[in-house]
Amino acid sequence: MKSLIREAVVKAWDKACSMELFSSADIPVFDVSDTKNKDHGDIAANIAMVSAKVLKKAPLKIAEILTELIDEDFIEKIEIAGPGFINFFIRKSSFPPMLGEIFEKGENFGSNEYGLGKKIMVEFVSANPTGPLHIGHGRGAAVGDATASVLKKCGYEVTREYYINDSGRQIKTLGNSVYLRYLELMGKEIDFPQDHYQGDYISDIAKELENKYGRSLLENDENESVSICAKYAADSILKGIEEDLNAFNVIFDNWYSEQSLYDSNKVFSTIEFFENKNLIYEKDGAKWFRTTDYGDEKDRVVVRSNGDTTYFASDISYHMDKFQRGFNELVDVWGADHHGYINRIKACIEASGHDSSDFHVILVQLVTLLRSGKLVQMSTRSGEFDTLKEVVDEVGVDAARFFFLMRSYDSGLDFDLDLAKKKSSENPVYYVQYVHARISSIIEKAEKDFSYTENDIMGADLSLLDKDEEIELIKTLMKYKEAVLNAGKEKQPHRVTFYLMELAGSFHSYYNMHKVLTEDKGLSCSRLYLVKAVKEVVKNGLNLLGVSAPEKM
RNA sequence: GCGCCUGUAGCUCAGCUGGAUAGAGCAACGGACUUCUAAUCCGUAGGUCGGGGGUUCGAAUCUUCCCAGGCGCGCCA
């Protein structure tokens, strides 16, 4: 609709130019937007104000000229208001036919071609395989997954990837932690260091190793045993992570191992590549990347003076590899505490000749858990849970995902466990899902009690949809496309969540105001048509969020 | 000290690529179930958009300086 208005305005502009009413032929950038206020019609354009300067005419005069040159069937009337807004009132009857698109496109309704022809990778969670996922990872998982879904709907070819930090010091520490617990099981006195992994899951893994190897690990060389422990523990924890994610409806296309970057020599060749470009230099026995050349605050070490590469080194290599694999754009979902890392990665991307604007970091802010209005301690030592699995087990996948996506990721989130479980009006998940269940129930009744068939509904006379609430609902439905596009452009999946809450509100109002099923078959079927369209869009949107659309509640 | 994020109704937050009278949910108050699911709806009340300057036809939105909170500033990952 907006694009039709835009076309009409452009047409009028050209006409005005050819009639020499306007001096300039270049049409300035202008907005065509939905109005907030009904008195302002359905759609407003600000072209008169925007072009006042170039045309050297008063906005009201420009608006007057343009409106006289616009003549379209679907426009009922045009008004000039305020400082020069042109307000368009759309003929009511032009709204209901728009619903057809929803059924024609089905699952593809809402999709657009914004990212067509582009490959994009969304890398998210990527938690170290040294312990179970906690609630913060859950937020990252929900945000990353929904972002990926939205991007796909925006035409991108999307890959969801998990980067496994299965190399380096923390894996050694993990192996050591497990080995020590294993020794403990073998009856040895141990001294368990504070900086090792404290959780009970470490002892559980040690027990598994006992079952598998008996006492034989004692006989091996210690280094070898530790590395067996490390490998086993990382695999086992990673498997648990994958299970928890699957249970959370998050499926990755690819699991990418950091170690593989070393095995294939990619880390080394990346360093060499930048050394040849004179972007890596030696100082104090270490190798430094000249990230300050590209806007970073200080240069960063890639190879320590003891010869070990840093995490940063493999991470550069990893990001280079992403581009080499043919991705045009990269999205990384990180915890907010990693924000200091952005500039150095961007620096390397620029240094490698890629455009850092193709690299988007979604910084997900902290999650805190609330029970009975009180903060749940997030320490692993306390008896209270903080793992993703426990939260999902308690509140369910739908509520958890919806809550994570209910606000902008750069706002902190207080996850209220009691609210998430509550089956009442306070809980927004059900507010949206209820729409789907209600409509399902109406349709079932229409078929059973009234014997209205699918054909009756699809062939309904849409001109009967003329109530204000119906037009409102149709307008809201059509806004879905815009919500998806903006969510994709901005990489902000919460826009879809907010849209769904708006649509749900619009539907519930309508439902309470007008009965769908009546003895009047014609009217009933046209309303069923409308309501079915709502059902489609709700399902479509919930699907993007990874939340189910129940038939019954 | 420097950098990033945040500050909008009593609470939790949208709105931030500049647009008209700043929105929603919860909480509060008053109403609506012989009805397609009341997990719902309708209404009332609630605001110096943290504060001051600047940019312009127009600022919650852009800019600058302050104030407050969170996070980050390793040859850790």
Side-chain angles (χ1 to χ4, degrees), chain A residues 29 31 33 35-37 39-40 44-46 48-50 52-53 58-59 81-85 87 128 130 165 167-171 173 195 258 283-288 297-298 300-312 314-315 335-343 361 363 365-366 368 370 373 406-414 416 419 422-435 437-446 449-450 486 489-490 494-495 497-498 501-502 504-505 507-518 524 527-528 531 552-553:
Chain A
V29 177
D31 275 341
S33 56
T35 55
K36 289 180 198 160
N37 187 326
D39 296 340
H40 300 147
N46 68 348
M49 282 121 70
V50 175
K53 250 182 201 163
F85 286 104
N87 294 331
N128 292 345
T130 53
N165 298 126
S167 167
R169 219 180 64 178
Q170 87 274 355
I171 291 295
T173 306
D195 64 352
E258 180 187 6
K283 192 183 88 183
D284 303 332
K287 290 187 178 181
W288 300 72
E297 298 141 39
K298 52 186 282 192
R300 310 288 174 174
V301 170
V302 285
V303 182
R304 296 201 290 253
S305 51
N306 68 1
D308 286 352
T309 49
T310 60
Y311 174 81
F312 181 48
S314 49
D315 219 21
D337 51 339
H338 285 67
H339 75 248
Y341 210 71
I342 298 175
N343 281 341
V361 178
L363 274 187
Q365 294 292 323
L366 201 76
T368 50
L370 292 177
M406 209 164 53
R407 53 206 41 169
S408 159
Y409 51 70
D410 49 27
S411 262
L413 172 66
D414 292 327
D416 187 331
L419 178 58
K422 215 175 268 182
K423 303 200 162 158
S424 76
S425 57
E426 290 167 63
N427 191 337
V429 195
Y430 301 117
Y431 186 74
V432 174
Q433 288 185 317
Y434 192 42
V435 173
R438 261 187 161 170
I439 296 173
S440 303
S441 153
I442 294 171
I443 292 169
E444 193 185 312
K445 193 177 170 73
D449 297 359
F450 291 84
N486 286 334
K489 270 187 184 168
E490 308 293 330
H494 76 276
R495 288 170 182 269
T497 317
F498 276 88
M501 292 200 272
E502 186 191 339
F507 169 77
H508 287 311
S509 284
Y510 173 64
Y511 176 91
N512 276 275
M513 197 90 70
H514 303 288
K515 239 171 127 49
V516 174
L517 298 176
T518 62
S524 298
R527 288 183 175 171
L528 278 165
V531 144
K552 279 194 167 40
M553 282 173 76

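Quick note on labels: first sequence line is chain A, next is B, and so on, each numbered from 1.
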Checking A:Arg300 side chain against A:Lys298 main chain: does a donor-acceptor pair fall under 3.5 Å? yes
Polar side-chain atom of A:His40 near backbone of A:Ala81 as donor-acceptor pair, under 3.5 Å: no
Whole-Å distance between B:rG25 P and A:Asp416 CG? 18 Å
Looking at OG of A:Ser440 and CE of A:Met553, how far apart are the two atoms once the value is rounded to the nearest 0.5 Å? 10.5 Å
Side chain of A:Asp410 only, heavy atoms from C-beta on: which candidate in B:rC41, B:rC13, B:rC5 is closest? B:rC5
Upstream residue (5' side of RNA chain B) when A:Gln365 and A:Gly505 are each assigned their closest nucleotide: A:Gln365
Under 4.0 Å between any heavy atoms, over every strand shown, what does A:Lys515 touch: base, sugar-phosphate, or nothing? Just pick one. base
What's the gap between B:rG23 and B:rA45 when it is taken at their P atoms, as a whole Å value? 14 Å
At their closest point, which heavy atom of A:Asn165 faces which heavy atom of A:Glu258, and how far apart are they? CA-OE1, 3.3 Å
Please state whether the phosphate of B:rA24, meaning OP1 or OP2, lies under 4.0 angstrom from any side-chain nitrogen or oxygen of A:Tyr431. no
Distance in angstrom units between A:His508 NE2 and B:rA38 C1', rounded: 11 Å
Roughly how many Å is it from CE in A:Met501 to C1' in B:rC13, rounded to a whole number? 9 Å
Test salt bridge (charged side-chain N to carboxylate O under 4.0 Å, His left out) applied to A:Lys552 - qualifying residues, sequence neighbours left out: A:Glu444
Salt bridge (charged side-chain N to carboxylate O under 4.0 Å, His left out) against A:Asp195, all qualifying residues, sequence neighbours excluded: none
Starting at the 5' end of nucleotides 72-77 of chain B, put B wherever the base has a protein heavy atom under 4.0 Å, S where only the sugar-phosphate does, and a dash everywhere else. S-SBSB
Just verifying a value: how many Å separate A:Leu366 CG and A:Asp337 CG, rounded to the nearest 0.5 Å? 8.0 Å
Whichever of A:Arg438 and A:Ser408 has its nearest RNA chain B nucleotide further upstream toward 5': A:Ser408
If I take atom CZ from residue A:Arg495 and atom NZ from residue A:Lys489, how far apart are they, to the nearest 0.5 angstrom? 10.0 Å
Syn/anti label of B:rC65 as read from its glycosidic torsion, with the cut at 90° from 0: anti
For A:Arg169, all residues meeting salt bridge (charged side-chain N to carboxylate O under 4.0 Å, His left out), sequence neighbours excluded: none
Going through the checks in order, is the side-chain hydrogen bond (donor to acceptor under 3.5 Å, both in side chains) test met by A:Gln170 and A:Thr130? CA-CA 8 Å; A:Gln170 87 274 355; A:Thr130 53; over 6 Å; no
Between the protein and nucleotides 17-20 of chain B, are there any N/O to N/O pairs under 3.5 Å, and if so, what are the atom names and distances?
residue: B:rG19; atom: N7; partner: A:Asn46; partner atom: ND2; Å: 3.2
residue: B:rA20; atom: OP2; partner: A:Lys36; partner atom: NZ; Å: 3.0
residue: B:rA20; atom: N6; partner: A:Asn87; partner atom: OD1; Å: 2.6
residue: B:rA20; atom: N1; partner: A:Asn87; partner atom: OD1; Å: 3.1
residue: B:rA20; atom: N1; partner: A:Asn87; partner atom: ND2; Å: 3.0

Can you measure A:Tyr409 atom OH to B:rA14 atom P for me and round it to whole angstrom units? 12 Å
Would you find a donor on one side and an acceptor on the other, under 3.5 Å apart, between the side chain of A:Thr310 and the backbone of A:Val301? yes
For atom CG of A:Asp414 and atom C1' of B:rU12, their distance in whole Å: 8 Å
Where does RNA chain B form stems of at least three consecutive Watson-Crick or G-U wobble pairs, each pair having both distances below 3.5 Å? B:1-7 with B:67-73, B:10-13 with B:23-26, B:28-32 with B:40-44, B:50-54 with B:62-66
B:rG3 and B:rA22: how far apart are their C1' atoms, nearest whole angstrom? 31 Å
Distance between the C1' atoms of B:rU48 and B:rG7, in whole angstroms? 15 Å
Report which part of the nucleic acid A:Thr518 touches: base, sugar-phosphate, or nothing (heavy-atom distance under 4.0 Å, all strands). nothing
Euclidean distance for P, B:rC41 against B:rA27 (whole angstrom): 12 Å
Nearest-Å distance once atom P is located in both B:rU12 and B:rG50: 14 Å
Using whole Å, what does the distance between atom C1' of nucleotide B:rU6 and atom CG of A:Leu363 come to? 13 Å
Work out how far the P atom of B:rG25 is from that of B:rC71, and round it to whole angstrom. 33 Å
Would you measure the distance from the P atom in B:rU40 across to the matching atom in B:rC4 and give it in whole Å? 42 Å
At what distance, to the nearest 0.5 angstrom, does CZ of A:Arg527 lie from CD1 of A:Ile442? 11.0 Å
From NZ of A:Lys552 over to C1' of B:rA39, roughly how many Å is that when rounded to an integer? 16 Å
Measuring only the P atom in each nucleotide, how far is B:rA14 from B:rA24? A whole number of Å is fine. 16 Å
If only side-chain N and O atoms of A:Ser411 are considered, is one of them under 4.0 Å from the OP1 or OP2 phosphate oxygen of B:rU12? no
Nearest-Å distance for atom pair CG/C1', residues A:Leu366 and B:rC4: 15 Å
Output for pair (A:Asp39 CG, A:Asn87 CG), nearest 0.5 Å, gives 9.5 Å
Selection from B:rG15, B:rU12, B:rU56 that lies nearest to any side-chain heavy atom of A:His494: B:rG15
Any donor-acceptor N/O pair, A:Ser509 side chain to A:Gly505 backbone, under 3.5 Å: yes
